[in-house]
Amino acid sequence: MAGKPKLHYTRGRGKMESIRWLLAAAGVEFEEEFIEKKEDLEKLRNDGSLLFQQVPMVEIDGMKMVQTRAILCYIAGKYNLYGKDLKERAWIDMYVEGTTDLMGMIMALPFQAADVKEKNIALITERATTRYFPVYEKALKDHGQDYLVGNKLSWADIHLLEAILMTEELKSDILSAFPLLQAFKGRMSNVPTIKKFLQPGSQRKPPSDEKSIANVRKIFNI
Amino acid sequence: MSGKPVLHYPNTRGRMESVRWLLAAAGVEFEERFLEKKEDLQKLKSDGSLLFQQVPMVEIDGMKLVQTRAILNYIAGKYNLYGKDLKERALIDMYVEGLADLFELIMYHEFKPANEKEKDLANIMDKATNRYLPVFEKVLKDHGHDFLVGNKLSKADVSLLENILWLEELKPDALAKFPLLQSFKARMSNIPNIKKFLQPGSAKKPLIQEKDIPNVIAIFH
């Protein structure tokens, strides 16, 4: 049963959003089965579909894959978005881990109390502009190429674009000191598969609102 | 320049321990430069040696690799501990990521305040015995092989052994309900490279002692 990959998650971004991005950028059509209430998650658990009782879970190539990074690494490998050799893969892994750390901080915000949230927004802004974005700006400056690694589109580029857009939602002028990242963002947004994903009606999810956060808390008991 | 990988981290387990384990299991000799005070970390930062201003950092094959997962993936790929194809890699990655979640809990246990330790240990053991260990017991049961994936040693086996041994340090009967994991542990511990790493005098680090905790925290803050 060749079929399209099938994503199991809530309707929100959460940990599944990077997977949606990567599949979309790779030009891979996928289906989604949404967890709307606690019972939906329980059913997946009781079915034995979730190796560690957690989502994201993606049905792909006869496997029920779990663990976000495992899923992303598999998709990247399958669709030639993971570099040409071990060293390129090492660079892609390093870059992706950086953007993962940054996006992880942003993802946690809706679940934090107002005063903690405010402090963390300031921290995220600082980290983005002093720890993370300078690294990617420098990488692009040093080799002068369009993509981060190996002069070819990779998972690192897609993940960086996602991180840039997510950070801009928090602070719209976050790239003001990073001209090469601004150009990178423009270029990447015009890659046909990505351009399609950025248009209304795609499977890209909007930032969560209060109601959906409340539902997520109920589903996952957090 | 000996050509051996050089590990930069404090003289403690932390996030570098998985890297020490994997290099040792692969039979790769390595050197270590221990961060002993804040200034040591500062120096690495000012040198431009740390891509994201953080350790672990491993000098290997002309690169200064950072980010634990990137380092482990590179070592596993280089020394054939990452499966033979994409699907085996997918299984290895799933297992390793699950274990990494458990490891996050275990790693911070020693740093918990005294009044939280008991509850924390109960949480760790609950997750270990109900969510993680059963998965690996079942994997071994289902295929009956010695190793988790592809009938061959991989970084998943090394990570599982590392976590099992640390769990047993916290609670000696952690494997009581898992006979196949008990024999897995014995088999793995007898693999020559691993046996050597488990002996006194190796690069394997002991559990951090309470008196050393303030010093480690001071390096990072």
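In what follows, every chain begins at residue 1, and chains take the letters A, B, ... in the order their sequences are listed. Predicted model, so just to flag it, every value in this text is computed and none were measured.
Of all heavy-atom pairs between A:Phe30 and A:Ala24, the closest is CE2-N, 4.3 Å. For the residue pair B:Leu81 and B:Leu153, the shortest heavy atom distance occurs at CD2-O, 3.7 Å.
Rounding to the nearest 0.5 angstrom, the gap separating the CG atom in B:Leu167 from the CD1 atom in B:Ile106 is 4.0 Å. Between the CG atom of B:Leu50 and the CG atom of B:Leu41 there is a distance of 6.5 Å, given to the nearest 0.5 Å.
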Pairs table: donor-acceptor atoms between chain A and chain B closer than 3.5 Å:
unit_1	atom_1	unit_2	atom_2	d
A:Phe52	O	B:Arg131	NE	3.2
A:Asp61	O	B:Lys87	NZ	2.7
A:Gln67	NE2	B:Asp101	OD2	3.4
A:Lys87	NZ	B:Asp61	O	2.7
A:Asp93	OD2	B:Asn73	ND2	3.0
A:Arg131	NE	B:Phe52	O	3.3

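Test A:Leu44, A:Leu7, A:Ile35, A:Leu51 against A:Met57 for side chain to side chain contact (heavy atoms under 4.5 Å, CB included) and you get one pass: A:Leu44.
Contacts of B:Val66 with chain A are made by both backbone and side-chain atoms, with heavy-atom separations under 4.5 Å. The contact between B:Met94 and chain A is made by backbone and side chain atoms together, counting heavy-atom distances below 4.5 Å. Of the two parts of A:Met63, only the side chain, counted from C-beta on, holds a non-hydrogen atom closer than 4.5 Å to a non-hydrogen atom of chain B. When heavy atoms are compared at a cutoff of 4.5 Å, A:Val66 approaches chain B by way of both its backbone and its side chain.
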Q: Before giving the answer on salt bridge (charged side-chain N to carboxylate O under 4.0 Å, His left out), spell out for A:Glu162 and A:Arg13 the whole-Å C-alpha distance, their side-chain angles and the decisive distance to 0.1 Å.
A: CA-CA 11 Å; A:Glu162 183 189 358; A:Arg13 286 181 176 175; over 6 Å; no
Q: Begin from the C-alpha positions of A:Lys152 and A:Asp157 and carry the test side-chain contact (heavy atoms from CB on, under 4.5 Å) through to its verdict.
A: CA-CA 9 Å; A:Lys152 185 176 179 285; A:Asp157 302 296; over 6 Å; no
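In this structure, A:Leu109 and A:Ile124 have side chains that are in contact, with non-hydrogen atoms separated by less than 4.5 Å.
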